[in-house]
Amino acid sequence: MMIDQIKVRVLLLESVHSDAVSRLEAEGYHVESVSGALDEADLIKRIPGVHLLGIRSRTRVTAKVLEAADSLVAVGAFCIGTDQIDLRATSRAGVTVFNAPFCNTRSVAELAIAEIIMMTRRLAEKNALMHAGVWDKCAEGAHEIRGRRLGIVGYGNIGTQLSVIAENLGMHVSYYDTADKLALSNARRCATLEELLETSDFVTLHVDGRASNAAFFGAEQFKRMRPGSLFLNLSRGICVDHLALRDALTSGHLAGAAVDVFPQEPNGRGDEFRSELRGLPNVILTPHIGGSTEEAQSTIGTFVATKFVNLINEGDTSLCVTPPELAAASLPNRGRPGTLGPQWRQILRRREHLTR
Ligand code: NAI
């Protein structure tokens with residue numbers, strides 16, 4: 001069979017959003033969807049003949065999987081992280097990797113704002129008391145957020161969006177970032193993390209998960225925070241020493257905390273959650289749902305599916321996680337709708353050679 005008449009085959013795992021399926025089917029691709037993750041052995045069985053593989057965070061794309069992937073052109077992580085993919089192996093095999101780095105930014109920023117207001121009004125405690133039948137009507141310890149200073153550590157996609165929303169609610173914003181970042185609106189850049197900690201009423205972490213950020217926020221940083229201030233982490237669990245956070249809360253130095261991410265998180269829904277922070281009344285705990293909204297899932301689905309389509313039709317690898325970058329101009333030919341164009345012939349031949 002002529003290679004330019006091969007229908008594009010897509011395998012989507014882990015209940016990738018239906019908007020992705022619609023986008024790919026509209027191109028005439030053959031899409032197979034699987035609701036759960038596949039383990040290595042099952043993925044090795046399913047991967048031959050697949051051109052585009054879509055996963056979320058639980059499917060591991062290992063070097064062995066790639067060895068069996070005789071036709072794979074791209075892997076799409078329908079999420080932010082790509083730790084589950086052996087990126088060296090994908091680069092070696094010439095497989096392009098995409099993710100959705102900023103599709104759930106707004107959802108995280110909105111949850112942070114909700115938690116800032118909840119903590120400032122002590123809503124978690126009031127709610128628990130009401131459910132226990134206690135009418136605790138008092139203004140003590142409850143505040144407005146207007147005029148308070150929010151300290152954002154990590155002024156990237158999420159940090160900057162949060163900065164804009166917080167200012168619109170009347171807050172003052174400071175930020176600290178290890179990279180040079182332009183201050184949006186009236187936000188104030190802090191030269192050091194210490195300066196931010198000492199001057200903020202709230203400290204919220206939005207740093208990335210690079211190795212050097214492991215436990216970078218611990219006893220010393222909590223001590224630097226203002227007495228009675230509040231702490232949030234919606235970035236990565238490994239960034240924070242949770243025992244030190246517990247001490248800062250139980251000693252009364254911090255008035256409260258909201259934590260969405262944990263050093264060890266349960267594998268699946270319904271599994272037991274263990275943490276030093278359980279049982280503290282002034283702590284809001286959420287199961288890593290910062291980015292988990294229907295809107296974010298739909299945007300992610302469309303975003304990554306469109307990356308697939310642009311790659312197949314135009315050779316466009318913009319915003320890919322790893323090389324190879326393909327120059328669109330060097331891939332001018334398109335196949336018939338829903339099929340692999342002749343521009344992929346050379347690439348698939350190379351793959352055949354690698355997996356033989
Ligand atoms: P980003 O990469 O756009 O921004 C991260 C920023 O942190 C960068 O500007 C970087 O220079 C800065 N940074 C890194 N280490 C730092 C440090 N030690 N001190 C100060 N600045 C530092 O990332 P984005 O998209 O804003 O995401 C931020 C975090 O949120 C990531 O860790 C991501 O995994 C997490 N996230 C959590 C979600 C949830 O469900 N809770 C959903 C989406 C993202």
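Just so you know, ligand 1 is whichever comes first in the structure, and atom 1 is the first atom listed for that ligand. In what follows, residues are counted from 1 in the order of the sequence shown.
Nearest heavy atom pair, residue Asp260 against residue Glu265, reads O-OE2, 4.3 Å.
Close approach of ligand 1 to Ile80 (heavy-atom distance below 4.0 Å) involves ligand atoms 43 (C), 44 (C). Within ligand 1, the atoms closer than 4.0 Å to a non-hydrogen atom of Ala179 are 11 (O), numbered from 1 in the order shown. Near Gly290, with a cut-off below 4.0 Å to any heavy atom, the atoms of ligand 1 are 39 (C), 40 (O), 41 (N). Listed by number with element, the atoms of ligand 1 under 4.0 angstrom from any heavy atom of His288 are 39 (C), 40 (O), 41 (N). For ligand 1, the atoms sitting less than 4.0 Å from at least one non-hydrogen atom of Val108 are 38 (C), 42 (C), 43 (C), numbered in the order shown with element in parentheses. Of all atoms in ligand 1, numbered sequentially from 1 with element shown, those under 4.0 Å from a heavy atom of Lys181 are 9 (O). Within the listing of ligand 1, atoms 5 (C), 6 (C), 7 (O), 28 (C) sit less than 4.0 angstrom from a heavy atom of His206.
Not one N or O on the side chain of Arg60 forms a donor-acceptor pair closer than 3.5 Å with the backbone of Asp86. The main-chain N or O of Ala255 is found under 3.5 Å from a side-chain atom of Asn282 such that the two form a donor-acceptor pair. Although no hydrogens or angles enter the test, the distance criterion places a donor-acceptor pair under 3.5 Å between the side chain of Glu167 and the main chain of Asn186. Between the side chain of Asp201 and the main chain of Arg148, no donor-acceptor pair closer than 3.5 Å is present. Between the side chain of Thr286 and the backbone N or O of Ile289 there is no donor-acceptor pair closer than 3.5 Å. In this structure, Thr192 contributes its side chain and Glu195 its backbone to a donor-acceptor pair below 3.5 Å. Formation of a donor-acceptor pair under 3.5 Å by the Asp42 side chain with backbone atoms of Leu38 is not found in this model.
Protein heavy atom closest to atom 3 (O) of ligand 1, with residue, atom name and distance, is Asn157 N, 2.9 Å. Considering only non-hydrogen protein atoms, atom 4 (O) of ligand 1 sits nearest to Gly156 CA, 3.3 Å. Of all protein heavy atoms, the one closest to atom 34 (O) of ligand 1 is Arg236 NE, 3.0 Å. With hydrogens left out, the protein atom closest to atom 35 (C) of ligand 1 is Ser235 O, 3.5 Å, a heavy atom. Protein heavy atom at the shortest distance from atom 40 (O) of ligand 1 is Gly291 N, 3.0 Å.
Using a 4.0 Å cut-off between charged side-chain N and carboxylate O, Asp136 and Lys126 make a salt bridge.
For atom 7 (O) of ligand 1, the nearest protein heavy atom lies closer than 4.0 Å.
Applying the side chain to side chain contact (heavy atoms under 4.5 Å, CB included) test between Val31 and each of Val16, Leu52, Leu24 identifies Leu24 as the sole match.
Checking Ile238, Asp260, Thr178, Val259 against atom 20 (C) of ligand 1, the nearest heavy atom belongs to Thr178. When the heavy atoms of Asp83, Ile289, Ile158 are ranked by distance to atom 30 (O) of ligand 1, first place goes to Ile158. In the candidate list Leu234, Thr286, Val261, Leu234 is nearest to atom 37 (C) of ligand 1, counting heavy atoms. Between Asp177, Leu196, Thr105, it is Asp177 that holds the heavy atom closest to atom 10 (C) of ligand 1. For atom 31 (C) of ligand 1, the candidate residues are Val207, Asn213, Leu193; the nearest heavy-atom contact is made by Val207.
Tyr176 counts as a contact of ligand 1, since one of its heavy atoms falls under 4.0 Å from the ligand.
By the 4.5 Å heavy-atom criterion applied to side chains, Cys239 and Val207 are counted as neighbours.
Ring geometry, Phe231 versus Phe217: the interplanar angle falls from 30° to 60°, so the pair is classed tilted.
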